[in-house]
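Data block below; observations after.
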Amino acid sequence: MRRSTPTTSLALALVATLTTASLAGTASAAPAPAPAAPAPAAAALAAPDVSLTNVQAHLTQLNSIASSNGGNRRAGSAGYAASVSYVKGKLQAAGYTVTEQNCTTCTYPGSNLIAEWPQGPADQVVMFGAHLDSVSAGPGINDNGSGSATLLENALVLAAQNPTMTKRVRFAWWNGEEQGLQGSKHYVNQLSTTQRGYIKGYYNFDMVGSPNGGYFINRITSATAAPLKAYWDTFGIQPEENTEGQGRSDDYSFANAGIQTSGYAAGASYTKTAAQAAKWGGTSGAAYDGCYHRSCDTTSNINTTVLNRSADGVAYAIWALAVGGGTPTNDFSVAVSPTSGSVARGGSTTATVSTATTAGSAQTVTLSASGAPSGVTVGFSPSSVTSGGSATMTVSASSTATTGTFTITVTGTGSVTRTASYTLTVTGGSGGCTGGQLIANGGFESGNTSWTASSGVITSDSGQAARTGTYKAWMDGYGSSHTDTLSQSVTLPAGCASYTLSFWLHIDSAETTTTTAYDKLTVQVGSTTLATYSNLNKATGYTQRTFNLAGYAGQTVTLKWTGVEDASLQTSFVVDDVTLQVG
């Protein structure tokens, strides 16, 4: 949850305005009608129990990611990118249609992660969201690993159960919530009026495991909140309106667009009253979460009872809102092993395609492939299997096949369609390599020749020494908000045995922190990030950095260095002696 800035009275005024706007709609998009919930008893019988152990396992992974990346998962950081990768991998393996939406308007550009279960009517969507980013002060396990892990495990349970769907279920994990709900705002702003109308309710889960937590529901008296409240009412816990979170989390972005909203919360920095402690337990006069926005927001900062009831309440709502009473449909999964391979012109390579029955009965699955470049064929033996069986995929390249790296989509078709990806690199074969050094003016001694760079980056300024010669590429170092870039396009020949990018990097910084990456240098080839360095990597002298670019054989790519500096305390990223040696 982002930190509150309005006064209490102003926040209440905003809530009143929001509630009116949510119910009345806007001129551009009328509010979607609130989904009706079935009788609590029927929904409770149908909804599965969500494993608290599994939710906690996701929290452990998020905590580990933070520990390996400067102690946090802040938007735009390596910790956030690793969090997205972890959640995305789980969802893709479960059969979700997963999209990464780059939030270009966020303070720290990064991905919103959108996952849709591909069943149910596409124009009848129930959406469940949580922000995936933390603040820079800590790993953000309650705020908001708790909401993110709760939704992830619910998504996996839905996929495993594979029930008949009466509505489409869409999950979202947001970037940039802590900077002002930026990721969810970006998502909503990208929707057309028609697409907004498809969303019949948005449910937000921000801090659902607070250690001294309470039981709060957004817009608790609304029809949208009914299934959430119905489940908690079975415990007799008397939930209350989430006044602390009003206007401070991602449901606000949806409400402003006229979409009906609700959600669970367990409280942040507000104080638990004596009356709340009497009915919910815990300590009166203390914050719901004493580690809110602090480094102690770790896996030990979780109330497992509140977390478990929140996770099961989400499942109850999903089943109440979007699951029909029919039996699960037959379903299967497809996987390729290994997930990547290389083939020279005139040669071939193989991989194993495995299938598994994930719901209902086994069925016949027909295999096919798409995405192969010119001159490459993909065959399967056998071409059809019974789910649970496997086939050998053979990839063959002609003597004139297009070289480069490509994504092959392997498709299994039965009562449903499931896919898996295989990364193929086609090389030129023996004798096809034209080796040598590909970077022009790698020592920068000819100034800007062959390079595209921000003004003043390629310089002989004595403030930072070159490794060799006089010139180098000096990015940032201003001690104020600043971005510098350096790039060069190169064509990598096919058929070589090695493709090694090398450069020497010196990082000088006035930052004193040992935990927070305030200033960053990102190294990219095309749209792929090779590495990210920061003020945490500062050191005397130059350090050589090397990367294998064999995956880009036969392609023309742009090598790019981007330095981003925050508002105070300089960090200089100095690059010299760049080479790309192939042979």
Side-chain angles (χ1 to χ4, degrees), residues 76-78 81 102 104 106-110 437-492 500-511 513 516-547 549 552 556-581:
S77 70
N102 185 31
T104 56
C106 288
T107 299
Y108 304 108
Q437 154 68 295
L438 303 184
I439 296 293
N441 187 27
F444 306 104
E445 297 306 309
S446 298
N448 286 310
T449 301
S450 301
W451 291 96
T452 299
S454 302
S455 177
V457 164
I458 298 177
T459 178
S460 60
D461 190 305
S462 61
Q464 291 288 344
R467 176 178 175 270
T468 60
T470 305
Y471 282 80
K472 66 278 174 179
W474 180 358
M475 285 166 278
D476 297 329
Y478 291 87
S480 59
S481 295
H482 190 82
T483 298
D484 278 328
T485 60
L486 171 75
S487 64
Q488 184 175 141
S489 294
V490 293
T491 299
L492 283 70
T500 303
L501 170 67
S502 172
F503 62 91
W504 292 80
L505 174 63
H506 169 54
I507 301 177
D508 174 81
S509 180
E511 300 282 3
T513 178
T516 304
Y518 290 114
D519 311 313
K520 296 182 180 180
L521 176 71
T522 302
V523 186
Q524 294 176 286
V525 53
S527 60
T528 300
T529 297
L530 295 176
T532 300
Y533 307 101
S534 74
N535 50 279
L536 299 178
N537 305 114
K538 67 180 181 179
T540 57
Y542 282 83
T543 302
Q544 188 178 30
R545 311 290 184 173
T546 59
F547 303 91
L549 301 190
Y552 301 89
T556 297
V557 297
T558 298
L559 304 175
K560 186 175 183 180
W561 292 256
T562 303
V564 179
E565 192 173 22
D566 72 357
S568 65
L569 298 178
Q570 75 86 22
T571 298
S572 297
F573 301 101
V574 190
V575 174
D576 204 356
D577 297 327
V578 184
T579 61
L580 177 49
Q581 189 71 39

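In this chain, residues are counted from 1 in sequence order.
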So do T571 and K538 actually touch side chain to side chain, heavy atoms under 4.5 Å? no
I would like to know whether D508 and H506 meet side chain to side chain donor-acceptor pair (under 3.5 Å); could you show each step before the answer? CA-CA 7 Å; D508 174 81; H506 169 54; 4.6 Å; no
If we ignore hydrogens and angles and just use 3.5 Å, is the side chain of N441 paired with the main-chain N or O of T449 as donor and acceptor? yes
Any side-chain heavy atom of T513 sitting closer than 4.5 Å to one from N535? yes
Those residues at least two apart in sequence (or on a different chain) that pass salt bridge (charged side-chain N to carboxylate O under 4.0 Å, His left out) with D577 are R467
Under 3.5 Å: donor-acceptor pair, side chain of S454, backbone of T485: yes
CG (L505) and CE (M475) are apart, to the nearest 0.5 Å, by 7.5 Å
Pairwise distance CG(L569) to OH(Y518) - rounded to 0.5 angstrom: 9.0 Å
Which heavy-atom pair separates N102 from P109 by the least distance, and what is that distance? OD1-C, 4.2 Å
Can you find a pair of side-chain heavy atoms, one from Y552 and one from L501, that are under 4.5 Å apart? no
Do F573 and V457 touch side chain to side chain, with heavy atoms closer than 4.5 Å? no
Could you tell me the separation between the CG atom of L536 and the CD1 atom of I507, rounded to the nearest 0.5 Å? 9.0 Å
Heavy-atom closest pair, residues S450 and A440: OG-CB, 3.3 Å
What's the spacing between N537 CG and D519 CG if we round to 0.5 Å? 11.5 Å
Output yes when a side-chain donor or acceptor of E565 lies under 3.5 Å from a complementary backbone atom of Y478, and no otherwise. yes
Kindly give the heavy-atom pair with the smallest separation between I439 and W451, and that separation in Å. CG2-CZ2, 3.9 Å
Go through the steps to decide whether L549 and L559 satisfy the test side-chain contact (heavy atoms from CB on, under 4.5 Å), and finish with yes or no. CA-CA 11 Å; L549 301 190; L559 304 175; 4.0 Å; yes
Would you say K472's side chain and D461's backbone share a donor-acceptor pair under 3.5 angstrom? yes
Heavy-atom side-chain proximity of K520 to S77 below 4.5 angstrom: yes
Taking it one step at a time, do Y533 and V523 satisfy side-chain contact (heavy atoms from CB on, under 4.5 Å)? CA-CA 8 Å; Y533 307 101; V523 186; 3.9 Å; yes
Taking atom types as modelled, find out whether T522 and Q524 have a side-chain donor-acceptor pair closer than 3.5 angstrom. no
Nearest heavy-atom contact between D576 and A466 is OD2-CB, 3.5 Å
Hydrogens and angles aside, do Q544 and S502 bring a side-chain donor and acceptor to less than 3.5 Å of each other? yes
What are the two closest non-hydrogen atoms of E511 and D566, and how far apart are they? OE2-OD1, 3.7 Å
How many angstroms lie between CG in L438 and OG1 in T579, if you round to the nearest 0.5 Å? 9.5 Å
CG of N448 to CG of L486: how many Å apart, nearest 0.5 Å? 9.0 Å
Kindly indicate whether the side chain of Y542, heavy atoms from C-beta on, has any atom under 4.5 Å from the side chain of F503. no
Q437 side chain to L580 main-chain N or O, any donor-acceptor pair under 3.5 Å? yes
State, yes or no, whether a side-chain contact exists between D484 and W474 at a heavy-atom distance under 4.5 Å. no
Decide yes or no for D476 and Q570: does some side-chain heavy atom of the first lie under 4.5 Å from some side-chain heavy atom of the second? no
